[in-house]
Each structure stands twice: as structure tokens, then as C-alpha cells.
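Data first, discussion second: the structure below is written as C-alpha cells.
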Amino acid sequence: MSPGVNHRHIARVLAGTGNYDALDEHEQAIVREEWTERMAARRATLDYADRFSGAGESYSELDEDGNLVIHPAC
């Protein structure tokens, strides 16, 4: 909670109703960190095996070492 940070402007940008470019450098860093956390949380809920294999489609992803793994359609 920094007095130099406009929390309302940050909240508007995060809600999709504010202008990111209107934020100062520190406020933009706060927004980027929040976006990063939201994306990580969203990715953690994805289940490609269920979504694609169950539909008879192949899919690919990177393993923990960054190698491409292709999962054929079932």
C-alpha cells in the first residue's frame, strides 16, 4: 500500500476498463505482476488431456524440460 500508487487506476486496468499506458512505471509493474499471477492460476486449472483426448483430438505441450511432447488422438 504505497501512497504514490493510484489503486483505483490499477483496479480499472485489471478490470479491463482503464488505460494501462496511463499508469506510471511502478503502477504498470504492479499490473504486470497481477496479470502474471492470474495467468499462472488459470494455466494450473487447464487439463489438456481431458479437453482434447476425450474429444478425439491430438495435442502438444512442453514437458518440464522444455521438450515438445505430442499426444496422439485416442
Side-chain angles (χ1 to χ4, degrees):
M1 300 303 272
S2 173
V5 173
N6 189 321
H7 298 281
R8 274 188 252 146
H9 288 163
I10 291 171
R12 284 189 206 122
V13 170
L14 292 171
T17 59
N19 183 347
Y20 174 83
D21 293 327
L23 301 177
D24 69 24
E25 184 177 307
H26 184 71
E27 292 165 336
Q28 287 180 354
I30 292 169
V31 168
R32 286 192 308 273
E33 179 63 27
E34 178 63 21
W35 282 339
T36 299
E37 290 175 12
R38 288 181 184 187
M39 292 292 287
R42 176 72 174 128
R43 280 191 304 272
T45 66
L46 297 175
D47 184 350
Y48 293 117
D50 181 54
R51 183 176 184 120
F52 293 108
S53 294
E57 298 180 41
S58 64
Y59 69 98
S60 59
E61 62 183 340
L62 298 178
D63 66 14
E64 294 172 2
D65 297 321
N67 301 306
L68 179 63
V69 178
I70 299 174
H71 301 275
C74 296

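Because the structure is a prediction, the values reported are computed rather than measured.
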Between I70 and S60 the two heavy atoms that sit nearest each other are CG1-CB, 4.1 Å
Tightest non-hydrogen contact, residues D21 and Q28, listed as CA-NE2, 3.8 Å
* Report yes if some heavy atom in the side chain of R38 is under 4.5 Å from a heavy atom in the side chain of R42; otherwise report no. => no
Between G56 and A73 the two heavy atoms that sit nearest each other are O-CB, 3.2 Å
For V13 and Y20, the nearest pair of non-hydrogen atoms, with its separation, is CG2-N, 3.8 Å
To the nearest 0.5 Å, atom CG of N19 lies from atom CZ of R12 at 11.5 Å
Under 4.5 Å between side-chain heavy atoms, hopping through other hydrophobics if needed: is there a path connecting L62 to Y59? no
dist E33:CD -> T36:OG1 (nearest 0.5 Å) comes out at 5.5 Å
Notebook entry, point to check: Backbone N or O of H26 within a donor-acceptor pair of the D24 side chain at under 3.5 Å?
Noted result: yes
- prompt: If we only count heavy atoms from C-beta on, is the E57 to Y48 side-chain gap below 4.5 Å?
  reply: no
The reported gap from CD in E61 to CG in N67 (rounded to nearest 0.5 angstrom) is 11.5 Å
Between L23 and V31 the two heavy atoms that sit nearest each other are CD1-CG2, 3.5 Å
